[in-house]
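Notes for the one structure printed next.
Predicted model, so just to flag it, every value in this text is computed and none were measured. Position 1 is the first residue of the sequence; numbering continues from there. Computation of the quantities below employed the complete heavy-atom set of this structure, encompassing side-chain atoms and omitting hydrogens, waters and symmetry-equivalent molecules.
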Amino acid sequence: MRLRELLETQQCVRCASVFDPLSSRMADDIGFSVGILGGSVTSLMALGVPDIYLLTLSELAEQARRVCQASDLPVIVDGDNGYGNSLNVMRTVSELEHAGASVITLEDTIIPRPYKQPELNLSSIEEGCSKLNAALRARRDPSLAIIARTHAQQPLESILERIGAYSHTGVDGICIFGKTSKALLEQLRSATDLPLMLIDYNPPEMSLEEMTQLGVRIHFNGHKAYEDAVKAAYTSLLELHTGAESGSDIGSEQNAKQLISRFAGQKEFKALSEDYLGPV
């Protein structure tokens, strides 16, 4: 089943974080209706580095092919900003469609981070629309859904203007990234009648029923499955090395996010960014 069918229903579903073939099969077997392969997790899986946009399109497409073809689970693939300009977006859509993506999200951020610019830097609305039009033109399978993504971390007037413009390109949905309130969702309904996808790593403030009434069809609340897998691997290796019994509290002083930050070199890459791109 392609995800377009889910977008057309009157329900909101939780989205599973899938990052390799086994997690894709597990989520499918458990009964999830949709999974997502995030760019941040793919960067960690493929390169062992944080989400600073060192990942290439070919590396994302390779992992997407493994994840999407491992099960019947419809998978959303995070296409970031399309890896360049509008022509690059067309290449991105072609590669990810071939890999088996059911949905591709495309965001309006300028990445990688330009020299001496803030980390969150949005493109013009005109360029955002150009990229979405290019994505729609590159799509061959009409059942593949293209979702436009923007950030909640901007003035309300800007969010509404972007969503309205993106909706008129003919995309299949709108994705909002960041902490989103019920009041904001009510405002969004005035700007678009397209299905909404929410990506929010904070504890949800609304029930699935409330989000459904406000047009939300997909809710993703973070990559906890991947984080727990990292923590379990570290604990298992530590127990093996020290001879500790399974189930002991060894290694409990560090949580999953701390482990990922440590072994992905978050501090080192932040220092490099400040050295060569300028302080944020």
Side-chain angles (χ1 to χ4, degrees), residues 1-45 51 60 63-80 96-97 99-107 143-152 171-182 184-185 188 194-230 256-257:
M1 180 190 75
R2 289 287 182 174
L3 198 61
R4 182 183 294 278
E5 298 173 26
L6 174 61
L7 295 175
E8 294 173 352
T9 63
Q10 296 299 312
Q11 63 174 322
C12 178
V13 299
R14 291 189 174 90
C15 183
S17 175
V18 292
F19 44 87
D20 65 3
L22 288 182
S23 62
S24 176
R25 290 172 186 159
M26 289 175 186
D28 188 26
D29 182 75
I30 288 169
F32 279 91
S33 300
V34 59
I36 185 170
L37 175 64
S40 59
V41 168
T42 305
S43 181
L44 290 166
M45 291 287 293
D51 190 19
L60 173 65
Q63 191 68 5
R65 176 180 54 80
R66 298 184 186 103
V67 171
C68 294
Q69 297 183 15
S71 75
D72 293 329
L73 180 75
V75 177
I76 302 167
V77 179
D78 174 9
D80 284 326
L96 297 182
E97 181 176 351
S102 291
V103 173
I104 301 170
T105 59
L106 295 166
E107 61 185 85
S143 66
L144 169 67
I146 304 293
I147 292 183
R149 171 174 153 174
T150 193
H151 284 258
V171 294
D172 303 290
I174 300 292
C175 176
I176 305 296
F177 180 89
K179 189 173 178 60
T180 307
S181 65
K182 184 175 181 179
L184 175 58
L185 286 179
L188 296 185
L194 290 179
L196 298 179
M197 173 180 176
L198 298 187
I199 300 178
D200 184 359
Y201 295 168
N202 299 292
E205 296 182 354
M206 294 168 282
S207 67
L208 290 180
E209 290 75 17
E210 288 176 307
M211 287 188 278
T212 297
Q213 294 301 316
L214 293 168
V216 180
R217 297 294 171 260
I218 301 170
H219 181 236
F220 179 62
N221 197 224
H223 297 285
K224 188 175 186 299
Y226 175 75
E227 293 168 358
D228 287 349
V230 170
K257 292 184 185 299

Non-hydrogen side-chain atoms of [X] and [Y] separated by less than 4.5 Å:
X    : Y    : result
V18  : M26  : no
H223 : Y201 : yes
I36  : M197 : yes
L185 : L198 : yes
L196 : L214 : no
I76  : I218 : yes

Can you tell me if [X] uses its side chain to pair, donor with acceptor, with the backbone of [Y] under 3.5 Å?
X    : Y    : answer
N221 : D200 : yes
E210 : S207 : yes
R217 : T212 : yes
D78  : L37  : no
T180 : G178 : yes
S24  : D20  : no
Q63  : F19  : yes

**Sequence-distant partners of D51, salt bridge (Lys or Arg N to Asp or Glu O under 4.0 Å), two or more places apart** = none
**Request:** Start with the C-alpha distance between V34 and L73, add both sets of side-chain angles, then the distance that settles side chain to side chain contact (heavy atoms under 4.5 Å, CB included), and finish with yes or no.
**Result:** CA-CA 6 Å; V34 59; L73 180 75; 5.5 Å; no
Distance, nearest 0.5 Å, that separates [atom1] of [X] from [atom2] of [Y]:
X    : Y    : atom1 : atom2 : value
R149 : I174 : CZ    : CD1   : 12.5 Å
M45  : L60  : CE    : CG    : 12.5 Å
I30  : R25  : CD1   : CZ    : 14.0 Å
M211 : M206 : CE    : CE    : 6.0 Å
L22  : D29  : CG    : CG    : 12.0 Å
L96  : S102 : CG    : OG    : 11.5 Å

Which pair of heavy atoms, one from [X] and one from [Y], lies closest together, and at what distance?
X    : Y    : answer
A152 : L184 : CB-CD2, 4.5 Å
C68  : V77  : SG-CG2, 4.1 Å
A16  : A27  : CB-CB, 3.9 Å
D172 : A145 : OD2-CA, 3.3 Å
G79  : L106 : O-CD2, 4.0 Å
Q69  : A99  : NE2-O, 3.5 Å

